[in-house]
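Worksheet: the structure to be examined is printed underneath.
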Number of protein chains: 2
Amino acid sequence: MAVTIKDIARQAGVSPATVSRVLSGQTEFYSEKTAKKVKKTAKKLGYQKNTAAVELVTRRSKVIAVIVSSTQTNFSDQIIDGIQQEARQHDLNVIILYAGEKDPQMERKALETVIERSVMGILLVAVDLNPANEDLLVNANIPYQFLSITLKNRKLPFITSDDFQIGYQATKYLVDKGHSEIGFAAADLNSVTGQLRLDGYRQAMADNGLQLNSAWVLGGDFAYEDGVNAMKQYGREPEVTAVIASSDLAAIGVMNQAQDYGLRIPADLAVMSVDGTKLCSIVRPQLTSVTQEFFEMGVRGMQRIINQPAKAAKSTFTPFKIIARQSV
Amino acid sequence: MAVTIKDIARQAGVSPATVSRVLSGQTEFYSEKTAKKVKKTAKKLGYQKNTAAVELVTRRSKVIAVIVSSTQTNFSDQIIDGIQQEARQHDLNVIILYAGEKDPQMERKALETVIERSVMGILLVAVDLNPANEDLLVNANIPYQFLSITLKNRKLPFITSDDFQIGYQATKYLVDKGHSEIGFAAADLNSVTGQLRLDGYRQAMADNGLQLNSAWVLGGDFAYEDGVNAMKQYGREPEVTAVIASSDLAAIGVMNQAQDYGLRIPADLAVMSVDGTKLCSIVRPQLTSVTQEFFEMGVRGMQRIINQPAKAAKSTFTPFKIIARQSV
DNA sequence: TAGTAAAACACAAACGTTTGTGATATTGAT
DNA sequence: ATCAATATCACAAACGTTTGTGTTTTACTA
């Protein structure tokens with residue numbers, strides 16, 4: 001039913017081969033005159049190319065797949081923006097798939113969907129694959145890149161912030177502001193990311209000769225609720241005078257709960273968040289944060305895919321900085 | 001390089017046809033025994049189906065495309081969740097494409113990408129196509145559905161909230177609370193959505209015998225900044241005692257700016273937002289909102305696509321309700 | 001004007017799958 | 001044991017492109 005290049009060929013009085021070369025932007029094998037003619041009849045007939053056929057014969061596609069864990073946090077927008085920008089410059093299409101929340105089933109489904117379509121590259125943001133899915137990805141022979149996550153498996157290339165340094169610098173920042181009882185909240189302590197931040201936090205405490213109470217470190221899943229729960233643990237008269245929350249939303253959670261307890265921020269309690277999304281400047285008091293360069297992660301991820309097809313790249317860090325606002 | 005059904009056929013000693021029927025879940029034309037054998041060798045060889053080939057011959061695909069305007073607001077997540085739920089139940093894949101911010105170029109690109117792939121259906125959330133792109137979509141002969149937007153062109157099916165009623169009920173709610181000077185802020189007054197809400201607002205004012213000052217209605221683009229700008233217009237000693245902001249973010253904008261002016265909410269100024277995303281309960285004071293059922297929009301949109309292939313559906317409304325929190 | 005090189009084009013195979021139909025094997029009834 | 005009916009399978013065409021190579025036309029040189 002749909003119009004094909006054969007229809008165009010017939011109408012324009014040329015061969016399908018010529019139509020193909022004209023329409024796919026090749027420069028050889030035809031004259032300007034026939035090119036004009038072909039393009040005109042293509043437009044007249046309302047031709048839409050059949051990508052399935054194209055990909056079948058060329059065995060490659062111009063789409064980049066982004067698989068994101070439908071995360072509680074909201075930084076993925078920034079990463080995707082970076083990806084889009086780079087994609088646009090290279091005339092690539094990007095499609096986004098949600099892989100749920102630690103849901104191996106959905107992850108597998110998403111992976112299969114994009115592998116079956118033999119996309120040009122796969123960017124995984126904040127998703128931690130189980131071994132089976134990891135195999136699936138690796139064996140697909142499609143360039144891939146993990147973003148905003150640090151993996152146990154060091155063979156897999158990832159681009160993220162240096163989580164140890166995030167923990168360290170955040171802590172140091174608070175110490176420099178005079179705090180010595182510092183909480184560490186809402187990070188997923190089972191994840192490498194959470195573990196590294198915790199390590200950094202511990203190291204910074206130690207380096208400054210500060211004792212730390214294990215009750216000050218409270219795990220979670222980077223979610224808003226984890227922030228409020230942490231604050232509930234700290235209590236109405238918290239021992240800590242400052243807390244590092246491992247996401248913006250979590251930080252808001254601790255702020256809200258603290259305020260419900262009648263605590264004033266930052267006077268009675270300083271709170272520091274990590275991520276630095278727009279949320280930080282929208283809430284009151286505005287959140288002082290460790291701000292990550294998510295956009296840049298997206299950009300670099302795409303560049304990796306484009307420049308190093310299949311070749312395994314090393315993992316790298318993207319810079320971060322501490323932005324002082326009002327909450328400490 | 002990749003393993004095909006021919007490879008499997010050879011290894012298993014059957015024909016490609018049989019392999020195809022086994023692997024694609026058909027029930028006829030083969031015995032249990034050969035099915036077992038085929039599946040085993042398929043797994044052994046690490047077979048991945050080539051979707052391009054499948055779609056080429058079957059001329060249909062199991063993917064639903066969601067095109068979203070990379071909106072300032074954040075309700076699209078909820079819509080997408082609804083879509084995903086329904087997709088999962090019908091074993092469909094969903095891919096998401098960003099179409100920028102009122103960017104006809106990107107919209108066209110996104111449309112072409114999905115049309116060329118002849119997806120099974122196209123869901124457009126909060127995107128308002130220009131006429132050219134509208135044609136592109138309509139002529140593609142693929143089921144489509146607009147979500148969370150009301151269109152000038154009534155021929156195009158959309159599912160959204162009744163924006164007139166949103167404006168009307170929000171206003172009425174405030175009037176019932178004793179307000180008579182009510183601002184209307186941050187809606188895009190060039191959009192049908194904004195216009196309808198404004199109409200509803202006006203009607204409610206009139207129905208209650210209230211005069212309205214044209215200075216009270218301030219346009220925008222549903223963004224945070226539009227909220228703060230609106231509040232700046234209202235000034236330190238605003239004539240209005242309540243304002244309806246057309247998005248959660250915008251509402252937060254007016255709250256913040258109002259507080260910067262030393263106004264207390266809701267004592268000095270009541271603010272009401274429309275959308276009702278999680279943001280409302282995260283900010284302090286919590287936002288009283290007109291809460292839309294975005295998830296439901298996604299669900300219904302998918303159902304439309306699934307049940308009414310190609311047939312033009314009527315536009316319908318999804319319910320909304322007013323949720324009282326702290327800001328009025 | 002004849003000859004030749006290059007430009008313009010057409011042919012046909014190939015990509016990996018699905019599916020209608022024809023061929024063969026199996027089963028059951030008599 | 002014979003036959004029909006059915007179950008199991010293989011053949012081959014088709015989907016819409018791309019692309020290597022062969023063929024014709026054009027343009028240029030001498």
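Every chain is numbered from 1 and lettered A, B, ... according to where its sequence line falls, protein lines coming before strand lines.
Taking B:Tyr144 as the reference, nothing meets the ring-ring contact (aromatic ring centres under 6.0 Å, His included) condition, with sequence neighbours excluded. Applying the side chain to side chain contact (heavy atoms under 4.5 Å, CB included) rule to B:Glu293 yields the partners B:Glu296, B:Thr318, B:Pro319, B:Lys321; only residues at least two apart in sequence or on another chain are considered. For B:Thr113, the side chain to side chain donor-acceptor pair (under 3.5 Å) partners at least two apart in sequence or on another chain are A:Asn93. Applying the salt bridge (charged side-chain N to carboxylate O under 4.0 Å, His left out) test to A:Glu86 and every residue at least two apart in sequence or in another chain returns nothing. Residues meeting the side chain to side chain contact (heavy atoms under 4.5 Å, CB included) test with A:Thr41, sequence neighbours left out: A:Ile8, A:Ala12. Residues passing the side chain to side chain contact (heavy atoms under 4.5 Å, CB included) test with A:Asp128 are A:Lys102, A:Ile149, A:Leu151, A:Lys152, sequence neighbours excluded.
Closest non-hydrogen pair, B:Asn130 versus B:Glu107, comes out as N-OE1, 4.2 Å. For the pair A:Ile96 and A:Val68, the tightest heavy-atom approach, listed with the atom from each and the gap, is CG2-CG1, 4.2 Å. A pairwise comparison of heavy atoms in A:Asn133 and A:Leu129 identifies CB-CG, 3.8 Å as the closest pair. Of all the heavy atoms in A:Leu56 and B:Ala53, the pair that sits closest is CD1-CB, 3.7 Å.
D:dA12 atom C1' lies 11 Å from atom NZ of B:Lys6, rounded to whole Å. Residue B:Gln26 contributes atom CD, which lies 14 Å from atom P of D:dC9 at whole-angstrom precision. The CD1 atom of B:Ile5 sits 12 Å away from the P atom of D:dA10 (whole-angstrom rounding). Protein atom CZ of A:Arg117 is 14 Å distant from nucleotide atom C1' of C:dT17, rounded to whole Å. As rounded to whole Å, 9 Å separates atom P of D:dG16 from atom CG of A:Asp7. In this structure, the OH atom of B:Tyr30 is 16 Å from the P atom of C:dG20, given to the nearest Å.
Between A:Ser31 and C:dC9 there is a side-chain polar atom (N or O) within less than 4.0 angstrom of OP1 or OP2. Neither OP1 nor OP2 of D:dC9 sits under 4.0 Å from any side-chain N or O of B:Thr18. The phosphate of D:dA10 has OP1 or OP2 within less than 4.0 Å of a side-chain N or O from B:Ser15.
Across its full length, the helix from C:dT1-D:dA30 to C:dT30-D:dA1 shows an angle of 40° between the axes of its 5 terminal pairs at either end, rounded to 10 degrees.
At a non-hydrogen distance threshold of 4.0 Å, A:Leu56, A:Val57 from residues 47-58 of chain A come into contact with DNA chain C. Residues from residues 33-44 of chain B that place a heavy atom under 4.0 Å from any atom of DNA chain D, listed by number: B:Thr34.
Sorted by first then second residue, the salt bridge (charged side-chain N to carboxylate O under 4.0 Å, His left out) pairs that include residues 49-58 of chain B, not counting sequence neighbours, are A:Arg117-B:Glu55.
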Using atom names, set out every protein N or O paired with an N or O of nucleotides 21-28 of chain D below 3.5 Å, distance rounded to 0.1 Å.
none

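The neighbour count for A:Gln105 CD, taken as heavy atoms of other residues, nucleotides or ligands under 6.0 Å away, does not exceed 12.
Across all strands shown, B:Ser20 has heavy atoms under 4.0 Å from base atoms, whether or not it also approaches the sugar-phosphate.
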N/O donor-acceptor pairs under 3.5 Å from side chains in residues 20-28 of chain B, not counting sequence neighbours:
| residue | atom | partner | partner atom | Å |
| --- | --- | --- | --- | --- |
| B:Ser24 | OG | B:Ser20 | O | 2.8 |
| B:Ser24 | OG | B:Gln26 | OE1 | 3.1 |

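Nearest-nucleotide mapping onto DNA chain C: of A:Ala17 and A:Glu32, the residue sitting toward the 5' end is A:Glu32.
Taking the charged nitrogens against the carboxylate oxygens, A:Arg88 and B:Asp103 do have a contact shorter than 4.0 Å, which makes a salt bridge.
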